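Notes follow the structure.
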Amino acid sequence: MRLQTSTGYKIIADWLANKGLHPFTFQEETWQHIINGKSGLVNAPTGCGKTFSVFLGAVIDFINKHPGNWQSKAGNGLQLLWITPLRALAKDIGRAMEAVIGELNMQWKIGIRNGDTDMSERQRQKRKMPEVLIITPESLHLLLAQKGYPAVFEHLQILAVDEWHELIGSKRGVQVELAVSKLVALRTPIVNRESAIGNSSLRVWGISATIGNLDQAQDVLLSPVYNISPVTGELRGETGVIVKANIRKDIVIESIIPDEIEKYPWAGHLGLKLIHKVLPILNTSRTTLIFINTRGMSEQWYQALLTAAPDLAGAIALHHGSIEQELRIWVEEALHTGKLKAVVCTASLDLGVDFRPVETVIQVGSPKGVARFLQRAGRSGHSPGDVSKIWFLPTHSLELVEAAALKSAVEETFIESREPMVLCFDVLIQYLSTLAISDGFKPDEIFEEVRSTFCYRDMTHIEWTAILEFITSGGNALAQYDEYKKVEVIDDVYRINSRRIAMRHRMHIGTIVSEAMMKVKFVSGGFIGVIEEWFITRLSPGDVFTLAGRQLELVTIKDMTALVRKSNAKKSIVPSWQGGRMPLSANLGKKLRQKFEEARNLTSGAVSREAEVRNTKPEGRNKKSGKPKINSGDRLTATHSPLTIHHSPDIELQVLNPLFQLQEQLSHVPGANELLIEHIETKDGYHLFVYPFEGRLVHEAMAAILAWRISKITPITFSFAMNDYGFELLSDQPIPVDDTNVYDLFTADNLLTDIQRSANATEMAKRKFRDIAVIGGLIFQGYPGEQKKARHLQSSASLLFNVFSEYEPGNLLLRQSYQEVFDQQMEEVRLRNMLERVRGSKIIITFPRQLTPFCFPIKVDSMRENLTSEKLEDRVRRMQQYLNSPSP
DNA sequence: GACCTGCTGCGGGCTG
């Protein structure tokens, strides 16, 4: 059968043609696969119709199955389940789907199920499910926690997972994997699969933006569909398909360049010095999004814009995750109805404006990754054929190189991968409890289902048994506490019979664990947002702080709510929120290293280098102190690749030429295949600066390891500092790192043991364990509205951590917390890759006679602790003035 | 359990 003759296809194609659209716009290839019973992944830039391609595929499929009466047919139950990570997206998508259904005169109902869905709607859904249900991963698990849930999915044809790239790298993604395994098994039980031909009758479709590991993303989502034999590991069904839209989005990236690069700060994160260059951009664009990396800095930018251009009052707004939901919704609406010229925002506006374009985007500071930068650029020029325009505003001089790096990364579509998580036992425990409060489960069946997912495919029988033991008896360590004996076993069916436990569990479904927040509310009523508990407890009544762009005076704290009134005080404290510490991505780091090499090649023409380059080791090394006796300004090893410039250099690199010249004079600008190490002596002591450009997490771990390894050579103590470009070891005695030992110090051998000895893994694991314990249901966070204090949470978590460490060291959750430290906190894989890279590269050690442009930002960050910001700014200015006019 | 600049996201429904 040729596809085009199918009734559904024709109806939809004609319908689109009537509207002047070609089916291709909506990736008709997807329709074909859906009708043919395939599962797969759709990949296209935003605004290219990938959402509609899956939805229309489901519509065509329905028409084909009910050829005579598709317009009158309803009440078949749930046909299409649509998972989306954001509640806010559900409304937009639902509205768009309803419009299509309306025009086709179909009898489908589109329903939304998430935390915002009210009770009556939930009950309506329970009596009769709509044909399409848009849901969050959490709410889907809540459905699985209802008695008789299999009936809900009896007629389900298609499961769509929207924004899969957003979910795959997190535990929310694992929740989706488990849900997929369950829904697939409901249609084709695992026990029948040995004999089943082909795939499950349920078709699973992921919808994803471009990521580096698209194939893997597909495998992770579809793993339960693939029908892989649990015995032999052999693939018995078909694999899925990837549908890519061949649309290339044009993106224009432009840097905001300081007029006098010599005077632009070498360090800093805020970038307000360039605010005068932002104003003209706002004026010439209808709507602008200004992305700021942190909530605190976004508050500062908002204030600064109003001060710089008071006429903007009322035309600009602020948007971040700690601002009250209603205010945020108002801002979003006002932006798109044209009431606002600009919105200062954080990652809170990364997603969710798909159906409402803006004209211009400004990125302030490093976006930390290529994917995030592209995502933000894509907020503008949203229609197919439009050009996305994004401005990059550097917050310090060296950061300007990132613009050049981003340009070539975007050009090459060098986009980060999102690594799926594996063996998350906390999520598994939560899932099993979910099944236990609805219909109960039989371990043998569920074991196979769970192992059909990517996350748990390597789970052993021993681990599985330990999990079952844990949920029924509390395991070895907690056996004496009844509250951990949640699940009862009757006739080999595992169930939770206690209504109280079931109720508590429902409230704790989900994998997002937040800091303890306190609501902020006007005395006169009206919520403004939330602030972290630790921050507000440092304030006293009468203190003025900033939130949602307002000056607020703290009046009192009552019922875990901070009551405030408006204030006209000149000075106010800007809150800081404890957020993720998104490190520079590996991709962007690599591009940066390449750009530095280009910059050096550009510079080398200008600098006379004959006198500097030495290929031989200097003589007269003082073995005792380990400090080589050489003149400052000399280098130990330095060989340069011949000067090659393949294309015209980026404007950013040209502008930064004076900075690179100075760096080259004082030290060295490292090439892509070099690791630069600087020994600098100041009145603070002996500094060792190292520049791997691997993001601050790797640097943090590497600094600890290096310190540990050096201390084995000679007894020595250090303090550390680091940023995304490099790290610093500081000591009061000379640091014995030279060309005789440097490769050994940076070896990947014994990495794991050295990590364990150097970094305080136990302390880090303890922190990770808190989230794991909450997700696994070991800690009750309190009923909604009466959240427990952070202190309580922390103390019960660390109590449990200690109990496990002492009485059950093999506990799976304990093990997981250490694993998460290695994987996420230290980025062990990346650390190892870095060391492997260093092994094959040239290590350049220099001895600059003063601070260099490279080390400057790290040095400044390490001073920050002891100084107020004004004093710091003064000191930085003085340091830089001195450096810009170097005296011999 | 500290904050050194540090994002976002979710979340009862029984039995009457």
Side-chain angles (χ1 to χ4, degrees), chain A residues 84-89 113-117 119 122-123 126 135-143 145-147 163 166-167 170-173 175 267-271 291-298 300 319-322 345-352 365-369 372 375 395 430 437 499-500 502-516 532-535 538 574-583 696-697 700 719-724 763-764 766-767 770 775 781 783-784 790-791 793-795 797-798 857-858 860-867 869 872:
Chain A
T84 163
L86 266 82
R87 285 182 307 213
L89 286 180
R113 177 60 173 269
N114 56 39
D116 297 337
T117 309
M119 220 59 250
R122 280 171 198 231
Q123 266 156 8
K126 202 168 181 190
I135 200 166
T136 58
E138 289 80 4
S139 286
L140 177 51
H141 276 247
L142 281 164
L143 287 188
Q146 280 181 3
K147 291 211 184 336
E163 311 275 0
E166 283 292 324
L167 291 165
S170 71
K171 288 182 183 176
R172 298 185 83 197
Q175 275 188 302
H269 304 280
L270 199 49
F291 281 103
I292 311 286
N293 280 341
T294 75
R295 286 166 278 184
M297 294 194 302
S298 73
Q300 294 181 57
H319 192 287
H320 62 68
S322 292
C345 63
T346 61
S348 57
L349 282 185
D350 268 357
L351 290 171
S366 170
K368 313 278 181 174
R372 186 177 294 110
Q375 171 89 7
T395 59
Q430 186 185 97
I437 63 176
R499 274 190 58 193
R500 195 181 62 95
M503 171 96 161
R504 279 188 169 201
H505 178 73
R506 280 194 198 93
M507 289 190 309
H508 276 66
I509 284 182
T511 60
I512 301 167
V513 183
S514 314
E515 292 299 320
E532 284 180 13
E533 197 184 296
W534 71 265
F535 176 82
R538 289 196 320 187
V574 180
S576 85
W577 286 268
Q578 173 89 342
R581 289 189 302 166
M582 34 179 185
R696 59 166 298 133
L697 295 179
E700 194 171 357
S719 62
F720 310 150
M722 73 286 300
N723 67 10
D724 277 324
E763 205 44 53
M764 293 183 188
K766 213 173 202 170
R767 284 181 202 174
R770 187 195 80 158
I775 295 169
Q781 280 186 298
Y783 292 97
R791 268 205 310 280
L793 236 172
Q794 186 60 38
S795 64
S798 77
I858 305 176
V860 169
D861 274 358
S862 72
M863 299 184 329
R864 200 174 295 274
E865 305 171 38
N866 312 323
L867 296 168
S869 57
L872 183 71

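Just so it is clear: chains get the letters A, B, ... in the order the sequence lines come, proteins before strands, and each one is counted from 1. When reading the values below, keep in mind they use all heavy atoms of this one structure, side chains included, and skip hydrogens, waters and symmetry mates. Please read all numbers here as calculations on a predicted model, not as lab measurements.
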- [ ] Mind calculating the distance between CZ (A:Arg538) and P (B:dC3) to the nearest angstrom?
- [x] 9 Å

Open item on the list: Using a 4.0 Å heavy-atom cut-off, does A:Ser139 contact any base of the nucleic acid, only the sugar-phosphate backbone, or nothing at all?
Closed with: sugar-phosphate

TODO: Just compare B:dG1, B:dA2, B:dG13 and give me whichever is closest to any side-chain atom of A:Trp534.
DONE: B:dA2

TODO: Kindly give the heavy-atom pair with the smallest separation between A:Asp116 and A:Arg87, and that separation in Å.
DONE: OD2-CD, 3.4 Å

Open item on the list: Looking at every heavy atom in both A:Ile775 and A:Val513, which two are closest together, and how far apart are they?
Closed with: CG1-CG2, 3.9 Å

Task: Where A:Thr117 and A:Arg122 come nearest, the two heavy atoms and their spacing - done: O-NE, 2.9 Å

Open item on the list: Looking at every non-hydrogen atom in both residues, tell me the closest pair between A:Ile858 and A:Asn723 and how far apart they are.
Closed with: CG1-ND2, 3.4 Å

Open item on the list: Using side-chain heavy atoms (C-beta onward) and a distance below 4.5 Å, is A:Lys368 in contact with A:Asn293?
Closed with: yes

Task: Between B:dG1 (P) and A:Glu763 (CD): distance, integer Å - done: 6 Å

Kindly give the atom pairs (protein nitrogen or oxygen, nucleotide nitrogen or oxygen) under 3.5 Å for nucleotides 14-16 of chain B.
unit_1 : atom_1 : unit_2   : atom_2 : d
B:dC14 : OP2    : A:Lys126 : NZ     : 2.4

Task: Distance in angstrom units between A:Gln430 CD and B:dG12 P, rounded - done: 12 Å

Task: Side chain A:Glu163, main chain A:Thr84, donor-acceptor under 3.5 Å - done: no

- [ ] Report the distance from atom CZ of A:Arg767 to atom P of B:dG1, rounded to the nearest whole Å.
- [x] 8 Å

Pull out every protein N or O sitting under 3.5 Å from an N or O of nucleotides 6-9 of chain B, one pair per line with the distance.
unit_1 : atom_1 : unit_2   : atom_2 : d
B:dG6  : OP1    : A:Ser576 : OG     : 3.3
B:dG6  : O6     : A:Arg696 : NE     : 3.3
B:dG6  : O6     : A:Arg696 : NH1    : 2.0
B:dG6  : N2     : A:Lys368 : NZ     : 2.5
B:dG6  : N2     : A:Met582 : O      : 3.2
B:dC7  : OP1    : A:Arg295 : NE     : 3.3
B:dC7  : OP2    : A:Arg295 : NH2    : 2.7
B:dC7  : OP2    : A:Trp577 : O      : 3.4
B:dC7  : OP2    : A:Gly579 : N      : 2.5
B:dC7  : O3'    : A:Thr346 : OG1    : 3.3
B:dT8  : OP1    : A:Gly321 : N      : 2.6
B:dT8  : OP1    : A:Thr346 : OG1    : 2.4
B:dT8  : OP2    : A:Arg295 : NE     : 2.9
B:dT8  : OP2    : A:Arg295 : NH1    : 3.4
B:dG9  : OP1    : A:Arg328 : NH2    : 2.8
B:dG9  : OP2    : A:Arg328 : NH2    : 3.4

Open item on the list: Would you measure the distance from the C1' atom in B:dA2 across to the matching atom in B:dG6 and give it in whole Å?
Closed with: 14 Å

Open item on the list: Do A:His320 and A:Trp577 have side chains that approach each other closer than 4.5 Å (heavy atoms only, starting at C-beta)?
Closed with: yes

Task: Whole-Å gap separating C1' (B:dC3) and CD (A:Glu700) - done: 13 Å

Open item on the list: With a 4.5 Å cut-off on side-chain heavy atoms, are A:Leu140 and A:Gln175 touching?
Closed with: no

- [ ] Measure from CE on A:Met764 to C1' on B:dA2 and round the result to the nearest Å.
- [x] 14 Å

Task: Non-hydrogen atoms of A:Pro85 and A:Pro137 that approach each other most closely - done: CA-CD, 4.4 Å

Task: Separation of B:dG12 C1' from A:Arg113 CZ (nearest whole Å) - done: 10 Å

Open item on the list: Quick check on DNA chain B: between A:Lys766 and A:Leu143, whose nearest nucleotide comes earlier from the 5' end?
Closed with: A:Lys766

Open item on the list: So A:Leu142, base contact, sugar-phosphate only, or nothing? Heavy-atom distance under 4.0 Å.
Closed with: sugar-phosphate

- [ ] Answer syn or anti for B:dG12, where the cut-off is 90° from 0 on the glycosidic torsion.
- [x] syn

